[in-house]
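The next block holds one structure in the form of C-alpha cells; read it before the comments.
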Amino acid sequence: MQRRVRGGLAVAGLLTAMISFASPAQAAMSPQDFRSEVVSRTNAERAKVGCPALNRNGSLDNAAQGHAADMANRNYFSHNSLDGRTPWDRIAQAGYPSNSGRGENIAASQTTPASVVSTWMNSAGHRANILNCSFRSIGVGYGYNSNATWDHYWVQDFGTV
C-alpha cells in the first residue's frame, strides 16, 4: 500500500497516521475563509520581496475551486484533470484571458492555509510562482473529502491581468 502523507512523501508498506489539529478559530473557518487566508498569506510572502499584492479574480477562483473540488471528489492529485484538461484549459474555460501569463500551484494533505502556503514556499517551483512579480491576480481553490487519499486539496491559479 502506498499512501501520500503530509509533505508529499510516499510511504510503502506502512500505515502512517499524521494527525494535525486546527486551532479552535481554524476549526470554525469556512472553505471560503480558508481560501481568503491563502491569498493573505501569499500576499504577505510577496510583500517580503517587494512584489505587489495579488487581487482575487473570479475566473481564476472558479478554475481553482473547480479543480480542487474535482481532485477531492474523484480522488486524484494532478495538474491535469482526469478528463485531460490542463490548468490552461480550465483557466480559459473559466473566462480568464487566454493571451495572458498564467501559473498554477497544487497541494494535498495540508490541513490549514498556513501549512499549505508554508509547503509551497519550501518548494522551489511553487515558491517561484508565488514570488513572480509579473503575476497580478490569483484564484484559490480548496476541496475536502475524508474518503479521498489526501483529504485536503488546494489550488492556486495565477494570472498577469
Side-chain angles (χ1 to χ4, degrees), residues 4-10 16 18-72 77-81 86-92 94-144 148-161:
R4 188 162 213 149
V5 296
R6 204 174 164 143
L9 302 176
T16 303
M18 298 201 68
I19 301 171
S20 289
F21 295 99
S23 71
Q26 288 172 324
M29 291 176 77
S30 72
Q32 182 58 38
D33 293 335
F34 267 31
R35 294 167 65 199
S36 294
E37 187 175 338
V38 167
V39 174
S40 296
R41 289 179 175 279
T42 297
N43 280 333
E45 294 295 339
R46 289 171 61 84
K48 292 176 187 177
V49 298
C51 290
L54 297 166
N55 296 305
R56 292 286 289 270
N57 176 281
S59 295
L60 292 177
D61 263 349
N62 289 339
Q65 183 57 39
H67 190 50
D70 189 50
M71 287 191 295
F77 181 66
S78 174
H79 284 284
N80 292 339
S81 302
T86 69
W88 324 133
D89 296 332
R90 291 189 307 273
I91 290 169
Y96 195 76
S98 59
N99 62 344
S100 64
R102 294 166 275 173
E104 179 173 85
N105 287 345
I106 63 173
S109 78
Q110 296 79 7
T111 59
T112 65
S115 63
V116 75
V117 173
S118 176
T119 297
W120 282 327
M121 289 303 293
N122 286 303
S123 163
H126 297 102
R127 180 183 180 92
N129 277 339
I130 289 171
L131 302 182
N132 181 338
C133 292
S134 68
F135 288 141
R136 297 285 185 254
S137 51
I138 189 172
V140 175
Y142 170 72
Y144 176 78
T149 303
W150 299 282
D151 296 348
H152 303 268
Y153 296 80
W154 304 87
V155 178
Q156 285 183 314
D157 285 332
F158 301 94
T160 56
V161 251

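Everything quoted here is computed from the prediction, not taken from an experiment.
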If you look at every heavy atom in [X] and [Y], which pair is closest and at what distance?
{"X": "Ala107", "Y": "Val116", "result": "CB-CG2, 3.5 Å"}
{"X": "Glu37", "Y": "Ala114", "result": "OE2-N, 4.3 Å"}
{"X": "Ile106", "Y": "His126", "result": "O-NE2, 3.7 Å"}
{"X": "Ala72", "Y": "Ala148", "result": "O-CB, 3.6 Å"}
{"X": "Gly141", "Y": "Arg35", "result": "CA-NE, 4.1 Å"}

When rounded to the nearest 0.5 angstrom, what is the spacing between [atom1] in [X] and [atom2] in [Y]?
{"X": "Lys48", "Y": "Leu131", "atom1": "NZ", "atom2": "CG", "result": "9.5 Å"}
{"X": "Tyr96", "Y": "Leu60", "atom1": "OH", "atom2": "CG", "result": "5.0 Å"}
{"X": "Ser100", "Y": "Arg136", "atom1": "OG", "atom2": "CZ", "result": "12.5 Å"}
{"X": "Gln156", "Y": "Thr42", "atom1": "CD", "atom2": "OG1", "result": "4.0 Å"}
{"X": "Asn105", "Y": "Ile138", "atom1": "CG", "atom2": "CD1", "result": "8.5 Å"}
{"X": "Phe158", "Y": "Ser134", "atom1": "CZ", "atom2": "OG", "result": "11.0 Å"}

Examine distances only and state if a side-chain atom of [X] and a backbone atom of [Y] form a donor-acceptor pair shorter than 3.5 Å.
{"X": "Asn132", "Y": "Ala128", "value": "no"}
{"X": "Asp70", "Y": "His67", "value": "no"}
{"X": "Arg46", "Y": "Ala53", "value": "no"}

Could you tell me whether the side chains of Asn62 and Ser59 share a donor-acceptor contact shorter than 3.5 Å?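 Judged by distance alone, the side chains do not pair up.
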
Please examine the side chains of [Y] and [X], heavy atoms only from C-beta on, and report whether any two atoms are closer than 4.5 Å.
{"X": "Trp120", "Y": "Val38", "value": "yes"}
{"X": "Arg56", "Y": "Val39", "value": "yes"}
{"X": "Glu104", "Y": "Val155", "value": "yes"}
{"X": "Asn80", "Y": "Pro87", "value": "yes"}

Strictly below 4.0 Å, N to O, side chains only: are Asp157 and Arg90 in salt-bridge contact?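 A salt bridge is absent here (no side-chain N lies under 4.0 Å from a carboxylate O).
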
Using ring pair (Phe, Tyr, Trp, His ring centres under 6.0 Å) as the criterion, point out the one residue from Tyr144, Phe77, Phe34 that pairs with Trp154.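 By the ring pair (Phe, Tyr, Trp, His ring centres under 6.0 Å) criterion, Trp154 pairs with just one of Tyr144, Phe77, Phe34: Phe34.
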
